[in-house]
Amino acid sequence: MDALIIEEKKGANYILLEISGVINSYTFAEFRSKVYTYIRQSNLVLDLSEVTGIDSSGLGVLMGAFNDGEESGFTLYLMRPSTAAHEALDSTGFTDTFNIIHSVTEVV
């Protein structure tokens with residue numbers, strides 16, 4: 001079974017979730033819960049550098065969080081997406097829509 005590890009850190013104007021593993025239909029429940037809660041409270045940075053795969057359920061969470069952030073006045077940032085994460089994002093055709101950053105110092 002796939003595993004997903006989520007570590008939380010707080011910055012001055014953002015919450016950082018460091019994600020490791022696979023985001024899929026078996027693992028996305030906790031991911032979805034945290035992402036949807038935090039994007040309504042603060043800017044949210046998802047460090048995707050250790051993500052080994054994302055399926056359509058994980059991509060759905062990212063799209064929903066992006067929209068929820070815009071409605072709440074906060075921004076979703078995707079930091080250092082792994083090759084697997086970048087390929088999954090590219091498959092949506094919305095890669096340019098997301099705020100992709102290399103460091104939390106880029107959070108506005």
Side-chain angles (χ1 to χ4, degrees):
M1 185 157 157
D2 298 321
L4 184 66
I5 299 168
I6 302 172
E7 292 188 32
E8 301 176 29
K9 297 181 179 175
K10 295 190 181 198
N13 63 339
Y14 63 88
I15 296 171
L16 169 65
L17 298 180
E18 295 176 336
I19 315 297
S20 300
V22 177
I23 305 169
N24 62 23
S25 59
Y26 298 105
T27 64
F28 86 107
E30 180 186 8
F31 175 69
R32 177 185 60 198
S33 176
K34 288 181 184 229
V35 168
Y36 285 172
T37 297
Y38 290 142
I39 194 61
R40 293 182 181 110
Q41 301 171 7
S42 175
N43 294 316
L44 180 61
V45 179
L46 301 178
D47 181 348
L48 303 178
S49 61
E50 298 297 320
V51 169
T52 56
I54 303 178
D55 73 2
S56 59
S57 58
L59 291 170
V61 171
L62 296 178
M63 294 300 294
F66 178 84
N67 292 332
D68 284 359
E70 284 194 329
E71 290 174 10
S72 301
F74 297 111
T75 303
L76 175 68
Y77 295 91
L78 306 181
M79 187 167 72
R80 298 187 312 256
S82 65
T83 300
H86 218 295
E87 288 173 357
L89 292 169
D90 286 345
S91 74
T92 68
F94 293 107
T95 303
D96 293 337
T97 302
F98 291 105
N99 299 296
I100 298 177
I101 61 174
H102 299 288
S103 167
V104 292
T105 60
E106 297 176 63
V107 175
V108 179

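We number each residue from 1, following the sequence as shown.
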- Say you draw a straight line from CD1 of I39 to OH of Y77; how long is it, rounded to the nearest 0.5 Å? 9.5 Å
- Message: Distance check, rounded to the nearest 0.5 Å: E18 atom CD versus S49 atom OG?
- Response: 7.5 Å
- Message: For a quick test of reading the model, state the closest non-hydrogen atom pair linking T52 to V22 and the distance between them.
- Response: OG1-CG2, 3.1 Å
- Should K9 and V104 count as side-chain neighbours, where that means a heavy-atom distance under 4.5 Å? no
- Hydrophobic cluster membership, V107 vs I19, 4.5 Å side-chain cutoff: no
- Message: Would Y36 and V61 count as a side chain to side chain contact (heavy atoms under 4.5 Å, CB included) here? Give the steps.
- Response: CA-CA 8 Å; Y36 285 172; V61 171; 4.2 Å; yes
- Message: Please tell me whether Y38 and I101 are part of a single hydrophobic cluster in this structure, the criterion being side-chain heavy atoms less than 4.5 Å apart.
- Response: no
- Query: For the side chain of E106 and the backbone of S103, is there at least one donor-acceptor N/O pair under 3.5 Å apart?
  - Reply: yes
- Note on the structure: Nearest heavy-atom contact between N43 and N13 is ND2-O, 3.0 Å
- Message: side chain to side chain contact (heavy atoms under 4.5 Å, CB included), that's the test. Do T75 and V108 meet it? Break it down for me.
- Response: CA-CA 9 Å; T75 303; V108 179; over 6 Å; no
- Item | Side-chain donor/acceptor of T37 to backbone N/O of S33, under 3.5 Å | yes
- Query: Say you draw a straight line from CG of L46 to CZ of F31; how long is it, rounded to the nearest 0.5 Å?
  - Reply: 5.0 Å
- What is the minimum heavy-atom distance between V51 and S82, and which atoms define it? O-OG, 2.5 Å
- Message: I'd like to know if I6 and L44 are part of one continuous hydrophobic network [Ile/Leu/Val/Met/Phe/Trp/Tyr, side-chain heavy atoms within less than 4.5 Å].
- Response: yes
- Message: Please say yes or no: joined through hydrophobic side-chain contacts below 4.5 Å, possibly via intermediate residues, are L62 and F94 part of one cluster?
- Response: yes
- I23 reachable from V35 in the ILVMFWY side-chain graph, under 4.5 Å edges: yes
- Query: If every non-hydrogen atom of G21 is compared with every non-hydrogen atom of L4, which pair is closest and at what distance?
  - Reply: C-CD1, 4.2 Å
- Message: I'd like to know whether L89 forms a side chain to side chain contact (heavy atoms under 4.5 Å, CB included) with L59, so could you lay out the CA-CA distance, the side-chain angles of the two residues, the decisive distance to 0.1 Å, and finally the verdict.
- Response: CA-CA 7 Å; L89 292 169; L59 291 170; 4.1 Å; yes
- Note on the structure: In this structure, CD1 of I54 is separated from OG of S91 (nearest 0.5 Å) by 9.0 Å
- Message: For G58, is there any backbone N or O sitting under 3.5 Å from a side-chain donor or acceptor partner on D55?
- Response: yes
- Item | S72 (side chain) donor-acceptor with D68 (main chain) under 3.5 angstrom | yes
- Could you please spell out the steps behind the side chain to side chain contact (heavy atoms under 4.5 Å, CB included) verdict for M63 and T97? CA-CA 10 Å; M63 294 300 294; T97 302; 5.8 Å; no
- Message: On a heavy-atom basis, which atom in S57 and which in S25 lie closest, and how many Å separate them?
- Response: OG-N, 3.2 Å
- To the nearest 0.5 angstrom, please state how far the CD1 atom of I5 sits from the CD atom of E30. 10.5 Å
- Item | Interatomic spacing from OG in S20 to CD in E7 - rounded to 0.5 Å | 6.5 Å
- Item | Sole candidate of L48, L16, I100 that passes side chain to side chain contact (heavy atoms under 4.5 Å, CB included) when paired with M79 | L16
